[in-house]
Amino acid sequence: MTQSFLSRVAARYGVGLRDLLAAIAEVGGLSNVTGQTRVDSEVYLNRQARDRVSQLCRVPEDHLRQALPAWAQEEPRKRFAAGPAAQFHHTAEKVVPWGPACPECAARSAGRAEGARLYLEPQQRMCALHRRWLMQVPGMAGRVVRLPAGGELWVQAQRRHVRLLRHSLVAVQAFEVAAAVTASWWWQAWPREHVWPSRLRSLGSGRIDPQVWRVLARELVTYPETVALATLLADDGFRQCLIADARGHVPFRLADLPVLLSAVARCVGRPWYGEQLADETSGPLFAWAYQCVRPPRRIGHGEQAMWAVAPAHRLRPLVDELAVRMPVGAGGQKAEGKRRRGLNRQSDESFTAGLAHAGQYVLEHGNLAVQKDTMVGSFRLGEWLHNVQTRAWALSPDRVRALTVFDPWWNVPWSVQWQRSYYRARDHAAVDGPPDAAAGFAGTAVLNGEWLYLQCTQYDALHPEQQRLLADIGVTAEAARTARPRRASMRARFETGLAHARAYAAEHGHLAVSGKGAVHEGYPLGAWLVAQRSKAHRAARPTERSRTLDAVDPWWNPPWPLSWQRSFARVRRLVQDGHTLDALRGFPDLEAESALWLSHQCAVYRSLQHDQQCLLAGIGITAEEAGKVPMTAEEAKAASQAAARLGGSAGLASARSFAAAYRHLAVSSDFVHDGYPLGRWLVAQRTKERRHLRATGNAWPPGRRLTELDPWWNPPWHFPWQRHYQQARTLWQEGRLLLPGQHGAPGGRDEDEDPLMAWLRRQCARHDVLQLEQQNLLADIGITAVTARTVTGLPDRSGPGGDRAGAGS
């Protein structure tokens, strides 16, 4: 250490360290040294001070830099703006672990007995030649511990440690994890642990307080087990076996990884560790195993996260450990509540507040299986608990225990919905006894029974803890193999309904069943067809079930009322039975109801959808035949009203008038043409077409008349784009369209720019991402890809592969 080296230099000159530094860091007769000199501190020098030390010792600075790790580690704080400076530090953040040099080795090197302090890696803390352990002790120059007669145990451990560092790329990280694990075991004080207490007594504490000695000697006593555990964790073959043992599941407790427990117990020489550690749900070993078997979110993430020891599990610096473990700290104050480095008070307060609300929720509901949007008063309990669960493996054991008191299953590695369903099944079993899987879970609610049957079908793929929970309510592996469904499966229910639909269609010639109450041979066929139509409407495209029903009746789900389809099917059946349709005489061979219905269809024939006209043509009612039917005054009025509803209205007439004059229908929603609100009418027509397209997947029949007037009356992009385009097209047809930047074009690149010019500028800038149809429309008015790049000042990329059409508008 730099301070140790300077102390030896000062001793050679017969002065104290502080006096030597006052001479080295002297500025105008004043000392430029800050900080408090302590036996266990370190001193940092700036460039000028280092040069003076080099001259004083007559040693090149490169040699000092190699010999002293902290030589140029940090720039010291200065009392004065210029000149040499020195600063003392003694905190764990500034001074890395150190220890005293072996006295025999130091004497042999220096030719006389002389103390020194060194920066020591874990494998350097033991002098194998002289059987000495070099112990760091806060507040003093350290302590050299003579190993007992059986010191060969530590020597062999050091050799394995050095060999591990030489052959493994993750040896340093593995030892850090192993040290955190053995430290957590050290403070457990298990009754069955006799090796470590015996080893601690054999070392002898001298005059040091036993409690202090237990803190200082922990690293020495546990070193052989730490090396053995680090060797196991660093073994890539063992990690692969562990991943295979997990079967794709992350552990809920260490008992879920029997390979890990047996290997750990074997490597540290304690067979009872497997039983002792089985119920662990937190701590550094659980965190390492969790990250090891957890599927990585991205390449390399799993390997990196596996070796990252969480702040709550890291080894405390010795000064902090002494402050926590001693019953009374400096100044007579108890220090059990000392916060770990890396944790802040805000985190503690947030956890305390969340824990209080969690307790309130448990009192009301009995568990912590909460969904993410759960609120307790104004507190977002679900969100808080979700955030805690995300890094539950990194929580300190005391926080895990606090939550486990409320609900042992607060952090399950499966979905919260599964846990909520399990609680319902558990409550049912507590009242009515274990569910009978072989009997199809009779007596359970429908959803509860179906959920239990689903768990039985997936039993082998469940998490081991899920299997244990199900076994607690009587659903064991043997019971799962005999399970029968609570009710028929969805596929079986559909096949049953389909069979009745086929029978009904064969009997009546259609599936236009009336209402949910319709029953066929005791089966609720009406309700079943209503459900199938609802599913077909919600689906984005035809499904396998809808295609199956299409094969039974192509018009089982028509875009017009079912009553129309039923009446048509009745008339078609009469025609198939030999009845003739005499339109001129008013269909005298048909029943009065059918004749009246058919006469009405002839009266409103032109307003029917195209597919309805095709169906009527199939039974002989064409447009010519429909025109032969004499109409009463009421029928003529009904025909006029139907035509008005379906397109032959004043709205269509107004659209024809406007399109004839302007060749498009791109008008605003408040536009009025010849006293008729054409804009509002067109908005309604566009809405109807989109709804019809979503429901049926086919074009809206009345929309064809508007498409004949303007192919882009209802474009797939935002309608304001079409209005701006038609304004630009009108100017282009009149020869008055000027692109932005052209001579004579109005406005500029500011807020006063003409709106149409601003729109044109945006289309040129976004030309490459417009839809292909939009690009074609712009090309019709002279705005090509080359023109657009000329306007925006971009390089021409119109060569092979240069232009591309995006899907956005």
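Please read all numbers here as calculations on a predicted model, not as lab measurements.
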* Asked: Is there side-chain contact between Glu507 and His520, with heavy atoms separated by less than 4.5 Å?
  -> yes
* To do: Taking atom CZ of Arg690 as the centre, report whether more than 12 heavy atoms of other residues, nucleotides or ligands fall under 6.0 Å from it.
  => yes
* To do: Compare all side-chain heavy atoms of Gln601 with those of Leu616 and state whether any distance is below 4.5 angstrom.
  => yes
* Asked: Considering all heavy atoms of both residues, which atom of Ala425 and which atom of Leu452 are nearest to each other, and what is their separation?
  -> CB-CD2, 4.1 Å
* Does any N or O in the side chain of His579 come within less than 3.5 Å of the main-chain N or O of Leu574, such that one atom is a donor and the other an acceptor? -> yes
* For Ala369 against Tyr423, the heavy-atom pair lying closest together -> CB-CE1, 3.8 Å
* Asked: Taking everything shown except Arg680 itself, do over 12 heavy atoms lie less than 6.0 Å from its CZ?
  -> no
* **Any side-chain heavy-atom pair of Leu756 and Leu731 under 4.5 Å** => yes
* What distance do Gln466 atom CD and Trp414 atom CH2 have between them, rounded to the nearest 0.5 Å? -> 5.0 Å
* Asked: Within a strict 4.5 Å, meaning less than it, do heavy atoms of the Ile621 and Val571 side chains meet?
  -> no
* Evaluate the side-chain proximity of Leu777 to Trp712: yes if any heavy-atom separation is below 4.5 Å, no if none is. => yes
* To do: Evaluate whether atom CZ of Arg533 has more than 12 neighbouring non-hydrogen atoms of other residues, nucleotides or ligands under 6.0 angstrom away.
  => yes
Side chains of residues 544-555: which donor-acceptor pairs under 3.5 Å do they make with residues two or more places apart or in other chains?
residue: Ser546; atom: OG; partner: Thr543; partner atom: N; Å: 2.8
residue: Ser546; atom: OG; partner: Thr543; partner atom: O; Å: 2.8
residue: Ser546; atom: OG; partner: Thr543; partner atom: OG1; Å: 3.3
residue: Arg547; atom: NH1; partner: Pro542; partner atom: O; Å: 3.0
residue: Thr548; atom: OG1; partner: Glu544; partner atom: O; Å: 2.8
residue: Asp550; atom: OD1; partner: Trp556; partner atom: NE1; Å: 2.6
residue: Asp553; atom: OD1; partner: Trp555; partner atom: N; Å: 3.0
residue: Asp553; atom: OD2; partner: Leu511; partner atom: N; Å: 2.9

* Roughly how far, to the nearest 0.5 Å, is OG of Ser657 from OH of Tyr662? -> 9.0 Å
* Judged by atom type as modelled, is there a donor-acceptor pair below 3.5 Å linking the side chain of Ser534 to the main-chain atoms of Val530? -> no
* Asked: Once the angle between the rings of His724 and Trp759 is folded into 0 to 90°, is it parallel (under 30°), tilted (30 to 60°) or perpendicular (over 60°)?
  -> parallel
* To do: Mind listing the closest non-hydrogen atom pair of Ala728 and Leu760 along with its distance?
  => CB-CD2, 4.3 Å
* Is it true that atom NE2 of His365 has more than 12 heavy atoms of other residues, nucleotides or ligands lying nearer than 6.0 Å? -> yes
* Asked: Above 12 or not: heavy atoms from other molecules or residues under 6.0 Å from CZ of Arg704?
  -> yes
* **Inter-residue atom distance Gln722.CD - Leu665.CG, 0.5 Å rounding** => 10.0 Å
* Please work out whether the ring planes of Trp564 and Trp560 are parallel, tilted or perpendicular, with thresholds of 30° and 60°. => perpendicular
* Got Trp528 and His500 here, is their nearest side-chain heavy-atom distance under 4.5 Å? -> no
* Given side chains that start at C-beta, do those of Asp780 and Tyr725 come closer than 4.5 Å, heavy atoms only? -> yes
* Do Thr457 and Leu454 come close enough that some side-chain heavy atom pair is under 4.5 Å? -> yes
* Just wondering, more than 12 heavy atoms not from Arg691 lying within 6.0 Å of its CZ? -> no
* Would you please say whether a donor-acceptor pair under 3.5 Å links the side chains of Glu624 and Thr622? => yes
* Residues in salt bridge (charged side-chain N to carboxylate O under 4.0 Å, His left out) contact with Arg570, at least two apart in sequence or another chain -> Glu593
* Taking atom types as modelled, is there a side-chain donor on Thr790 or Thr787 under 3.5 Å from an acceptor on the other? -> no
* Asked: What residues form a salt bridge (charged side-chain N to carboxylate O under 4.0 Å, His left out) with Arg736, not counting sequence neighbours?
  -> Glu734
* List in chain and number order the residues that pass ring-ring contact (aromatic ring centres under 6.0 Å, His included) with His508, two or more places apart in sequence or in another chain; answer none if no residue qualifies. => Tyr504
* To do: Might you point out which heavy atoms bring His510 and Ala569 nearest each other, and give the distance in Å?
  => CD2-CB, 3.4 Å
* **Residue list, ring-ring contact (aromatic ring centres under 6.0 Å, His included) with Tyr422, at least two apart or on another chain** => Trp418
* To do: Mind telling me whether Phe671 and His673 have parallel, tilted or perpendicular rings, with 30° and 60° as the class edges?
  => parallel
* To do: Sequence neighbours left out, what passes salt bridge (charged side-chain N to carboxylate O under 4.0 Å, His left out) with Glu773? Give chain and number order.
  => none
* Can you tell me how far the CG atom of Leu525 sits from the OG1 atom of Thr496, to the nearest 0.5 Å? -> 12.0 Å
* **Atom pair CD (Glu689) and CG (Asn714), whose distance is rounded to the nearest 0.5 Å** => 4.5 Å
* To do: Measure across Cys764 and Ala788 and return the closest heavy-atom pair with its distance rounded to 0.1 Å.
  => O-CB, 3.5 Å
* How many angstroms lie between atom CD of Gln685 and atom CG of Leu678, to the nearest 0.5 angstrom? -> 10.0 Å
